[in-house]
4 protein chains.
Amino acid sequence: MPGRNALFIPGPTNVPERVRQALNIPMEDQRAPDFPDFVRPLLADLKRVFRTESGEVLVFPGSGTAGWEAALTNTLSPGDRVLAARFGVFSDLWVQMCERLGFQVEAVDRPWGTGVPVELFAERLAADKGHSIKAVLVTHNETATGVTSDVAAVRRALDAAGHPALLMVDGVSSIGSLEFRMDDWGVDLAVAGSQKGFMLPTGLAIVGVSRRALEQIGTSRRCYLDFAAMARSVTTGHFPYTPATTLLRGLRAAVDLLLEEGLDEVANRHYRLGEAVRRAVAGWGFRLCAQAPKWHSDTVSAVVLPEGFDSTAFARHAYENFNLSFGLGLAKVAGRVFRIGHLGDLNEWMVLSALAGAELALADFGVPVELGSGVAAAQRWLLEQRAALAAAAE
Amino acid sequence: MPGRNALFIPGPTNVPERVRQALNIPMEDQRAPDFPDFVRPLLADLKRVFRTESGEVLVFPGSGTAGWEAALTNTLSPGDRVLAARFGVFSDLWVQMCERLGFQVEAVDRPWGTGVPVELFAERLAADKGHSIKAVLVTHNETATGVTSDVAAVRRALDAAGHPALLMVDGVSSIGSLEFRMDDWGVDLAVAGSQKGFMLPTGLAIVGVSRRALEQIGTSRRCYLDFAAMARSVTTGHFPYTPATTLLRGLRAAVDLLLEEGLDEVANRHYRLGEAVRRAVAGWGFRLCAQAPKWHSDTVSAVVLPEGFDSTAFARHAYENFNLSFGLGLAKVAGRVFRIGHLGDLNEWMVLSALAGAELALADFGVPVELGSGVAAAQRWLLEQRAALAAAAE
Amino acid sequence: MPGRNALFIPGPTNVPERVRQALNIPMEDQRAPDFPDFVRPLLADLKRVFRTESGEVLVFPGSGTAGWEAALTNTLSPGDRVLAARFGVFSDLWVQMCERLGFQVEAVDRPWGTGVPVELFAERLAADKGHSIKAVLVTHNETATGVTSDVAAVRRALDAAGHPALLMVDGVSSIGSLEFRMDDWGVDLAVAGSQKGFMLPTGLAIVGVSRRALEQIGTSRRCYLDFAAMARSVTTGHFPYTPATTLLRGLRAAVDLLLEEGLDEVANRHYRLGEAVRRAVAGWGFRLCAQAPKWHSDTVSAVVLPEGFDSTAFARHAYENFNLSFGLGLAKVAGRVFRIGHLGDLNEWMVLSALAGAELALADFGVPVELGSGVAAAQRWLLEQRAALAAAAE
Amino acid sequence: MPGRNALFIPGPTNVPERVRQALNIPMEDQRAPDFPDFVRPLLADLKRVFRTESGEVLVFPGSGTAGWEAALTNTLSPGDRVLAARFGVFSDLWVQMCERLGFQVEAVDRPWGTGVPVELFAERLAADKGHSIKAVLVTHNETATGVTSDVAAVRRALDAAGHPALLMVDGVSSIGSLEFRMDDWGVDLAVAGSQKGFMLPTGLAIVGVSRRALEQIGTSRRCYLDFAAMARSVTTGHFPYTPATTLLRGLRAAVDLLLEEGLDEVANRHYRLGEAVRRAVAGWGFRLCAQAPKWHSDTVSAVVLPEGFDSTAFARHAYENFNLSFGLGLAKVAGRVFRIGHLGDLNEWMVLSALAGAELALADFGVPVELGSGVAAAQRWLLEQRAALAAAAE
């Protein structure tokens with residue numbers, strides 16, 4: 001099929017050209033004398049992306065799922081209680097992982113389209129006078145439903161209860177895109193993956209670990225994903241086993257891009273572009289899976305198709321006929337939503353291309369949608385934003 | 001600036017991934033014993049793209065401008081008369097080249113936005129009983145104004161007049177995209193460049209030469225661009241000087257893509273996408289530089305901005321604020337038109353992205369344009385086309 | 001520093017150009033409808049590389065170390081006894097991993113430079129009438145010392161004892177390079193990594209699992225590295241979490257290269273090139289860490305420097321002055337050996353370049369070595385081999 | 001065939017990784033507002049590589065042959081006399097070009113293996129009281145025979161005779177590798193190509209033009225290769241026709257590499273590596289085509305095979321059996337010499353790999369050569385050089 005594929009899934013995201021260039025390299029010796037001179041500043045700059053000074057950021061060859069497991073198995077012991085909420089595939093999978101790894105999960109079920117129930121968490125924590133809860137799990141951005149939760153509020157709940165549980169955050173589809181403040185929010189474990197906000201191919205689990213979490217060593221069995229061994233890389237610049245050097249070189253370029261743009265502007269840009277998508281969805285007369293504005297995710301929107309249309313068939317139609325890749329609805333919302341990823345190396349025209357393409361594919365699939373309606377709504381918003389920014393700059 | 005650049009200039013065009021992979025190679029020995037096994041089938045397949053069986057296609061390291069010069073200097077002698085028309089920058093530049101190379105140009109000036117005046121050419125040819133005109137120059141697709149001319153009609157005019165002049169065609173922005181039939185149309189010299197329909201970086205002048213043109217050797221001085229030396233590559237698979245091997249490897253991939261899609265479908269696709277752009281322009285209420293449908297180019301549209309707007313400033317605005325690259329207006333139409341290139345490795349969503357981006361940039365620049373109007377008009381057309389194709393397939 | 005780096009470490013190995021081209025791609029949707037059409041044949045062809053028909057090959061994002069852990073935790077239960085031998089860093093690390101994961105290791109210590117003690121293993125297995133040993137661990141190729149062990153002999157010992165223990169093989173630096181016959185040798189778990197014989201960047205743990213091992217499910221806790229979830233990819237073509245699509249595309253190219261060359265010829269080539277290195281070492285008057293020819297590894301040679309020379313300093317000297325990367329001596333042999341990797345995408349001149357470069361660097365470092373002696377010895381061997389092959393072909 | 005190709009032809013040369021990364025880019029708009037910000041400093045830095053302050057360096061899409069033609073046709077008029085010498089294929093081809101372009105060539109034939117006959121040139125110039133000679137052509141480095149000529153001496157001869165002829169230098173295989181001083185040597189036209197010392201793919205003719213040459217405009221017909229049009233790029237940053245942007249981006253990286261290493265060190269490195277090749281040739285007991293040390297080229301060595309051996313068959317043998325690419329003997333020395341290119345992105349081990357590979361291939365081809373003899377001789381020289389450099393640094 002002629003022409004590029006339009007990749008608007010919520011990860012892997014589009015790789016920027018500078019990163020792509022950085023990836024086009026031969027292999028190198030990870031034990032070379034000057035390799036640490038490359039590794040150490042990279043790990044230090046990753047701390048800036050996670051906004052932590054006191055913690056460390058560890059990089060494992062693996063996917064975000066490996067990062068989840070590393071966070072759990074390094075700090076908890078079998079039988080430990082964790083508090084979590086389930087409101088989408090990924091928050092659910094993390095709970096399942098906890099169970100498989102032998103933890104007792106106090107899992108709160110919430111409607112898909114909502115996020116972490118902070119008040120309910122606050123109650124549970126306050127009630128847990130014996131501090132039997134060892135960790136609170138927060139899916140910062142539920143990729144399946146396009147819902148962002150309030151991590152800082154969970155920290156406040158912990159503090160209000162004087163509760164020592166570790167705060168573990170799945171930031172796979174938020175870190176590097178949305179506002180994320182590890183130190184300010186008192187996050188103990190922050191899990192990211194290379195293929196979302198870091199704009200790289202899949203293959204790195206990037207885990208922020210607070211000082212406290214580094215010291216709170218659980219008895220869960222682990223070896224590959226062990227923090228203690230990996231944490232030595234921060235000072236030695238060498239890894240406990242062969243690192244994915246190609247991805248690390250790409251990560252250097254990606255971190256440079258993020259820091260050059262500035263993390264605040266990165267988050268602002270994601271807000272502007274995310275809202276543009278939401279305006280388009282409203283323009284089409286559709287609703288989001290996210291049930292209220294406070295849950296709106298700036299990295300992914302799960303769009304509910306009108307009754308009678310199968311979103312899985314639609315995504316396939318868009319792919320096969322128009323070379324457009326949107327995310328499928330998963331599990332409970334399979335067949336009902338399709339997802340537009342809007343994170344990473346993205347700008348206005350790219351988002352408009354997703355919307356214009358989606359409109360075309362929707363109409364061709366038979367979904368009643370006014371042509372141009374979503375694009376125009378998004379354009380209007382983007383123009384307003386530019387005007388506001390220009391006014392603010394004066 | 002985050003995000004990709006949107007490249008919608010009328011060349012260089014977007015390089016398809018398969019071609020980009022093919023270009024990512026080390027250097028090789030152009031005198032290797034197996035190098036001819038690569039070159040000969042490539043040159044043979046290029047003949048299929050030019051749709052010539054009796055002629056040859058020669059590949060020079062250089063740009064399309066070198067191809068123009070090769071066509072002229074190999075077949076003509078200083079003082080020879082050529083018949084040409086000027087209706088845009090590129091047709092004009094070719095005439096200027098003729099003059100600088102010492103030919104007498106009978107140059108017909110036509111309004112920019114029109115194309116080759118076939119009737120007038122027919123008259124001149126008929127009147128030239130002594131056959132003093134040695135060549136007729138046809139700019140198949142005037143890239144500056146988005147005008148396609150009727151090459152076959154010029155051939156008919158030549159035949160009607162029984163005139164032996166060579167038919168020289170500038171196909172730089174047509175060959176590999178628009179319908180082009182070298183043998184059927186009796187084209188003697190057909191000039192293409194690597195960076196348009198061939199979807200490669202700039203650097204190859206690709207010249208189709210009829211049997212007759214190969215034999216009609218002029219006395220113009222030339223060496224680098226000599227046909228006789230280069231024509232030996234067709235049989236030997238070796239070149240008279242170091243070839244651009246990287247581009248040749250990329251050309252192999254590009255020719256494969258064209259032949260796999262099929263040249264008819266390539267032209268049909270360009271028609272569908274080109275018309276989508278024209279519908280959008282009409283949707284915005286703008287007009288094209290091309291003065292009538294028969295001149296409409298399916299590879300580039302020169303869009304006239306409403307009075308009072310400087311198209312050069314607009315293109316700069318689109319580039320600097322939105323990372324959108326459109327073609328400038330050149331020479332006579334500088335400041336008045338901007339150009340949307342719609343050729344090469346392109347599909348529906350890519351064209352819509354150009355239109356959605358242009359709409360946004362136009363509005364932001366202050367040009368009154370109804371948001372969504374162009375996108376919707378293009379989408380409507382594309383949907384109609386798909387419906388028609390589906391109906392035809394039943 | 002001008003010029004290429006010469007990478008002669010025992011992994012990562014040099015990436016062939018075809019693989020490098022395959023890696024230079026944009027991201028793609030791992031849930032695309034046609035993605036399984038790519039995955040399923042790839043996994044099927046991996047079985048051919050492992051030479052298994054009845055087993056499966058599973059691919060995890062991770063390093064070889066993750067493969068070790070996957071092999072252990074999926075099939076064993078905490079407290080299970082395993083039989084292993086320690087004779088180098090990597091065999092030792094695997095034993096350490098067993099201990100950390102809660103298995104009882106019956107670890108036989110053997111001199112570095114020797115390999116798996118088959119007779120001793122046979123005795124232990126025969127003595128284990130109660131079949132308390134659940135797995136036998138074999139490091140097929142100890143990368144630290146350049147020692148290859150006899151996997152088939154361990155299988156024979158198991159069979160002779162009628163012992164049902166699983167046969168687990170670390171094939172990280174052997175599979176895809178040395179002869180490896182999973183079915184014939186009755187290997188239950190075969191661990192490989194992408195960055196050695198598969199000639200890819202680091203990032204994939206590739207694990208062959210016999211039918212029996214797939215069914216023998218241990219109670220060790222695991223989630224990321226779970227076989228059951230991953231094994232579904234063989235039939236569905238989809239993965240339990242985001243796969244490293246870039247590396248999978250590269251793996252496709254690498255597997256093609258291996259199968260096109262033929263696994264027997266791959267192994268033969270590694271023998272010829274490995275022996276060339278050994279001849280050079282003998283030519284220099286040095287000895288190998290491997291204590292007898294039966295232990296000689298065809299993928300890596302650990303070369304003992306003469307008394308008084310620090311091999312770590314030598315490797316640094318070669319790197320910093322000559323852009324030559326050789327492997328360091330590790331742990332017990334640190335400072336005493338340096339390692340020449342000779343596996344993957346390698347041919348005669350590349351091996352000679354390692355040897356000629358090593359000679360130069362050794363002499364420059366002050367090690368007494370006759371210039372040309374190693375190169376000549378290697379050349380002589382290679383010429384003999386060619387002559388023998390030519391004679392055999394007649 | 002497994003393993004890399006060893007490219008030791010005298011161009012194209014090996015592309016450094018930084019350049020290769022720079023080439024792996026999408027197309028861009030050559031009329032973008034910020035494009036001149038890229039072009040102007042690049043052209044300025046090229047002047048530093050040519051070591052000219054008063055002249056300009058112009059870059060044409062084309063090969064070195066185009067550069068020759070540009071030098072001639074821009075400054076000379078048909079019928080003009082030029083003084084040249086023929087002592088190899090490339091000096092001969094340049095003379096042939098002169099003839100085809102209508103100049104009167106006073107061509108001195110010299111034995112192949114010698115270079116520009118300065119004394120004879122001096123005589124001719126002194127005798128040409130009427131200054132009918134308009135240009136003196138010097139092939140700085142005759143790539144066919146591995147002969148470097150003394151450009152400065154020709155300048156002295158011109159000055160001694162008070163002769164105003166232009167000094168035209170073919171520096172295709174010297175500039176960027178050997179010492180080249182355009183201003184100091186009073187070179188008026190200096191022709192280079194991208195695929196030699198500039199370590200890029202073929203595709204750019206890079207021509208240094210003195211102030212005087214820019215002003216001395218001949219009446220030869222030309223258009224594509226016109227200096228006047230191209231010279232405007234120096235100030236405007238825009239080109240008269242579509243430039244090869246990819247190569248220009250690569251050129252930026254290549255120029256950076258040259259200037260970072262320092263041109264003196266670049267030349268010294270080529271001397272050290274070139275002499276290493278010559279020592280190896282002597283070690284084998286062979287002789288060079290270059291007849292005396294003063295002609296020795298530091299970028300290419302043409303090696304004479306012993307009587308009875310066909311060098312063309314040898315080069316094919318090396319390529320087909322060992323993946324080694326050496327240059328063929330051309331024209332008069334076809335079948336008698338093979339050429340080792342030793343220019344561009346090269347270091348010690350790479351040169352040794354060429355020599356070790358050549359030794360192997362020679363022996364396998366049946367040429368009597370003592371194994372290791374050439375490699376050892378080269379190593380010895382390289383070690384001496386390092387010792388001398390170290391002593392000098394103290």
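As a basis for the values below, the full set of heavy atoms in this structure was taken, side chains included, without hydrogen atoms, waters or symmetry mates. In what follows, every chain begins at residue 1, and chains take the letters A, B, ... in the order their sequences are listed.
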Colleague: Taking only residues at least two apart or on different chains, which pairs with a member in residues 2-17 of chain D satisfy salt bridge (charged side-chain N to carboxylate O under 4.0 Å, His left out)?
Modeller: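 Output for this query lists C:Arg4-D:Glu17, C:Glu17-D:Arg4, C:Arg20-D:Glu17.
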Colleague: For residues D:Arg100 and B:Arg222, report the shortest heavy-atom separation together with the two atoms involved.
Modeller: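 Where D:Arg100 meets B:Arg222 most closely, the heavy atoms are NH2-O, 3.9 Å.
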Colleague: Do the non-hydrogen side-chain atoms of D:Leu23 and B:Leu23 ever get within less than 4.5 Å of each other?
Modeller: no
Colleague: Determine whether a donor-acceptor pair (N or O, by modelled atom type, separation under 3.5 Å) exists between the side chain of B:Tyr241 and the backbone of D:Ala66.
Modeller: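 Side chain of B:Tyr241 to backbone of D:Ala66, a donor-acceptor pair under 3.5 Å: no, none is there.
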Colleague: Which one, B:Arg221, B:Arg316, B:Glu320, leads in non-hydrogen pairs under 4.5 Å with chain D?
Modeller: B:Arg221
Colleague: At a heavy-atom separation under 4.5 Å, does B:Leu101 approach chain D through its side chain, its backbone, both, or neither?
Modeller: both
Colleague: Check B:Thr13, B:Val15, B:Asn5 against D:Met27 for a side chain to side chain contact (heavy atoms under 4.5 Å, CB included) and give me the one that passes.
Modeller: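 Passing option: B:Val15.
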Colleague: Show, in sequence, the C-alpha distance, side-chain angles and deciding distance for D:Gln30 and B:Ile9, and conclude whether the side chain to side chain contact (heavy atoms under 4.5 Å, CB included) test is met.
Modeller: CA-CA 10 Å; D:Gln30 75 280 6; B:Ile9 59 173; 4.0 Å; yes
Colleague: By number, which residues in residues 243-253 of chain D have some heavy atom less than 4.5 Å away from chain B?
Modeller: D:Pro243, D:Ala244, D:Thr246
Colleague: Please rank B:Thr73, B:Leu93, B:Thr65 by heavy-atom pairs under 4.5 Å with chain D and give me the top one.
Modeller: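 Going by pairs under 4.5 Å, I would pick B:Thr65.
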Colleague: State which residues pass salt bridge (charged side-chain N to carboxylate O under 4.0 Å, His left out) with B:Asp345; sequence neighbours excluded, sorted by chain then number.
Modeller: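 Here no residue qualifies.
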Colleague: Looking only at heavy atoms, which two atoms of D:Ser63 and B:Pro61 are closest? And how far apart?
Modeller: N-CB, 4.3 Å
Colleague: Need one label for B:Phe326: side chain, backbone, both or neither, based on atoms under 4.5 Å from any heavy atom in chain D.
Modeller: backbone
Colleague: Heavy-atom pairs under 4.5 Å with chain B are the metric here; pick the option from D:Gly193, D:Pro26, D:Pro201 that has the most.
Modeller: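 So the answer, after comparing D:Gly193, D:Pro26, D:Pro201, is D:Pro201.
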Colleague: Side chain, backbone, both or neither: which part of D:Gln96 has an atom under 4.5 Å from a heavy atom of chain B?
Modeller: neither
Colleague: I'd like to know which of D:Ser194, D:Pro12, D:Pro33, D:Pro240 tops the heavy-atom pair count under 4.5 Å against chain B.
Modeller: D:Pro33
Colleague: Just verifying a value: how many Å separate D:Cys223 SG and B:Met97 CE, rounded to the nearest 0.5 Å?
Modeller: 4.0 Å
Colleague: So which part of D:Phe90 gets closer than 4.5 Å to some heavy atom of chain B, the side chain, the backbone, both or neither?
Modeller: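 Contact with chain B is through the side chain of D:Phe90 alone.
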Colleague: At a 4.5 Å cut-off on heavy atoms, which part of D:Leu330 comes close to chain B: side chain, backbone, both, or neither?
Modeller: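 For D:Leu330, side-chain heavy atoms alone lie under 4.5 Å from chain B.
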Colleague: Are any side-chain N or O atoms of B:Tyr224 and backbone N or O atoms of D:Trp68, one a donor and one an acceptor, separated by less than 3.5 Å?
Modeller: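 Judged by distance alone, no pair lies under 3.5 Å.
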Colleague: Sequence neighbours left out, what passes ring pair (Phe, Tyr, Trp, His ring centres under 6.0 Å) with D:Phe8? Give chain and number order.
Modeller: none
